[in-house]
Amino acid sequence: MPSFRAPRGTRDLLPDVSSGLNRLEGIARSLAGRYGYREMEIPMFEQTAVFERGIGEVTDVVEKELFRLAPRTEEAEAWALRPEATAGIVRAFVQHGMQTWPQPVKLTVVGPMFRYDRPQAGRYRQFWQWDAEAIGDPGPAVDAEMIEMGYRFYVEAGVPDVQVLLNSIGDGACRPAYLAQLTAYFRRHEAELPELERRRLDANPLRLLDSKDAAMAALVAAAPRIGDCLCEACAAHFAAVRAHLEAIGVPYRVEPTLVRGLDYYTRTTFEYYRRGAEGQQQALGGGGRYDGLVELLGGRPTPGIGFALGLDRVLLALDETRAMAAAMAPPLAVVVGADPADTIARLRVASLLRAEGLCVRAELAQRKLGRQLETASRDHAHFAVIIGDELNEGHVQLKDLEAGTQRLVPLGELARELARAAKSHHHG
RNA sequence: GUGGCCUUAGCUCAACCGGCAGAGCAGCGGACUGUGGAUCCGCAGGUUACGGGUUCGACCCCCGUAGGCCACCCCA
């Protein structure tokens, strides 16, 4: 047993998985580019206050999942690893005066996030997200555009059965009234509530709506709906978002009980959800509008909307459907040697070919020729360059591993021969 | 953070009621000393996750720890 292992909730992404993640990041970057989002980088950690104020002090993410760093000195500020990207991006937006940029400012971040909670499949302490934010546009069209971009990501990544869940949770004008109404409703039925739900009633009554307790189903169904309580402006915004989605053909379902865990959301909230998935990996990503967040982090009042898509969960979904990324492309040629000990000759020839831009693997293990060819075949190389005594006359054997044929080629023409062969291979 | 299940070779898994820790795959080598994906043979790989306890004797029973998974909490 090795004495060291990856920390709990983290894992090594071995080449197959790593290239799968890379592929997803490539799709994300391509989409971001097509939709006009510019990629940026933000620190992996921030002052704890950025998250506390931005995400909300009483959210689970801040209360129990924040990865807090031990201070180095008494005077040091409190730092924490980023549990999500939105707060950091908005902090950067304010810090760099992006309110003077052409609005909206559309930004994207791809990278690892950190949350200190109990790990499970598809749920890690270090996980990868694609995050996109459009800051500075209050209109419903940008909401729909963003929801479409996320939906398209799953389509292009090849995740089956993704559903868009949509809701509006109102704003400062109408939500307080709704919350009062909702709280009053559940208070009237407090005696029927399970213990856990009773505690939620005080902490975060909205959460009662997506309770998984079967005993709650009837109560929740009869509870007042936020959709019926939206103020005129919020209702109009919601209707417009839906009209835009329908116009561009993004399928969605209004989910009146969809509330999200972070404090900063206003109006539009949405979630990408995988139908038929077992367990906790159904939520693939989510987002929403946060019209008060920029102000909360010290900027001028500026509306914004964003999403965060969990790449690990996509990887998991693709793994289940056996649609993972293909293995590494095979080398054009493998350089092998008749003399197992002469690695210098092999490395020299490989170096020569690589300098010409060719994809060539050098078999450097000191094994006999048969074994070298065996691994070359297993790697699905098109050619083997066999180096033997002919090298003294400036020649090598070029063997076509698929056809089984071989011929003598002058070393000086080898690169050209291989390049031409590669071309004809690719053309069929 | 709460409750439950699990952990045997790099991987997938065996091992009767508590009685000598095994196989397939992968790796390496040989058959085949300058010619490959097949086949056959061999080699290596283990403190049975870790630490304690019970027992003549523990992979097996008990306790603890770590890790994984499942259901919650919650989220990606």
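Every chain is numbered from 1 and lettered A, B, ... according to where its sequence line falls, protein lines coming before strand lines.
At a cut-off of 3.5 angstrom, counting only N and O atoms as typed in the model, there is no donor on one side facing an acceptor on the other between the side-chain of A:Arg11 and the base of B:rC69. Residue A:Arg123 places no side-chain atom within donor-acceptor reach of the base of B:rC69, judged by atom type and a 3.5 Å distance cut-off alone. Applying the 3.5 Å distance criterion, the base of B:rG34 shares a donor-acceptor pair with the side chain of A:Glu390. Side-chain N/O atoms of A:Ser377 and base N/O atoms of B:rG37 include no donor-acceptor pair closer than 3.5 Å. Counting distance only, with no hydrogens placed and no angle test, the side-chain atoms of A:Gln406 and the base atoms of B:rU35 include a donor-acceptor pair under 3.5 Å. Scanning atom types as modelled, one donor and one acceptor separated by under 3.5 angstrom connect the side chain of A:Arg371 and the base of B:rG30.
A gap of 12 Å separates the C1' atoms of B:rC56 and B:rG18, to the nearest Å. The same atom, P, is picked in B:rG51 and in B:rC13; the two are 25 Å apart, to the nearest Å. Taking atom P on both nucleotides, B:rG19 is separated from B:rC60 by 11 Å, rounded to a whole Å. B:rU65 and B:rC5 are spaced 15 Å apart, taking the P atom of each and rounding to whole Å. For the C1' atoms, the distance from B:rC69 to B:rG29 is 39 Å, rounded to whole Å. Using atom P as the reference point in both B:rC20 and B:rA15, the two lie 14 Å apart (nearest Å). For the P atoms, the distance from B:rC59 to B:rG3 is 30 Å, rounded to whole Å. Comparing the C1' positions of B:rA23 and B:rU48 gives a spacing of 16 Å, expressed to the nearest Å.
At B:rC28, one or more side-chain N or O atoms of A:Arg367 fall inside 4.0 Å of OP1 or OP2 (strictly under the cut-off). Residue A:Arg8 places at least one side-chain N or O closer than 4.0 Å to OP1 or OP2 of B:rG67. For B:rG36, the OP1/OP2 oxygens have no side-chain nitrogen or oxygen of A:Lys368 closer than 4.0 Å.
Closest approach of A:Gly54 to A:Tyr264, counting heavy atoms only: O-CD2, 3.0 Å.
Take the nearest nucleotide of RNA chain B for A:Trp128 and for A:Asp339: the residue whose nucleotide is more 5' is A:Asp339. Between A:Pro340 and A:Pro119, it is A:Pro340 whose nearest contact on RNA chain B lies nearer the 5' terminus.
For A:Lys399, the listed nucleotide lying nearest its side chain is B:rU35; candidates were B:rU35, B:rG37, B:rG34. When each of B:rG3, B:rC72, B:rG34 is scored by its nearest atom to the side-chain atoms of A:Arg118, the top-ranked nucleotide is B:rG3. For A:Asp60, taking side-chain heavy atoms from C-beta onward, the closest of the listed nucleotides B:rA76, B:rC73, B:rG36 is B:rC73. Listed nucleotides: B:rA31, B:rC70, B:rU35. Nearest to the side chain of A:Gln120: B:rC70. Listed candidates were B:rU35, B:rC69, B:rG27. Nearest to the side chain of A:Ala121 is B:rC69.
A:Glu46 and A:Arg53 are not joined by a salt bridge, as no carboxylate oxygen comes within less than 4.0 angstrom of a charged side-chain nitrogen. The existence of a salt bridge linking A:Glu363 and A:Arg346 is excluded, since no basic side-chain nitrogen approaches an acidic carboxylate oxygen closer than 4.0 Å.
The distance between atom CG of A:Asp117 and atom C1' of B:rC72, rounded to the nearest whole Å, is 13 Å. The OH atom of A:Tyr124 sits 14 Å away from the C1' atom of B:rG67 (whole-angstrom rounding). Atom CZ in A:Arg125 sits about 11 Å away from atom P in B:rA66, given to the nearest Å.
Other residues, nucleotides and ligands contribute more than 12 heavy atoms inside 6.0 Å of the OH atom of A:Tyr35.
Using a 4.0 Å heavy-atom criterion, one finds that A:Ala308 contacts the sugar-phosphate atoms exclusively.
Expressed to the nearest 0.5 Å, how far CG of A:Asp143 lies from CZ of A:Arg289 amounts to 4.0 Å.
Base pairing in RNA chain B gives the following stems of 3 or more Watson-Crick or G-U pairs, range against range and under 3.5 Å: B:1-7 with B:66-72, B:10-13 with B:22-25, B:27-31 with B:39-43, B:49-53 with B:61-65.
By the 6.0 Å and 45° rule, A:Arg242 does not stack over the aromatic ring of A:Tyr252.
None of A:Arg125, A:Arg123, A:Lys64 except one satisfies the salt bridge (charged side-chain N to carboxylate O under 4.0 Å, His left out) rule with A:Asp117; the exception is A:Arg123.
A distance-only check finds a donor-acceptor pair linking the side chain of A:Thr108 to the backbone of A:Asp131 [under 3.5 Å]. Within the 3.5 Å criterion, the main-chain N or O of A:Leu373 finds a donor-acceptor partner in the side chain of A:Ser377.
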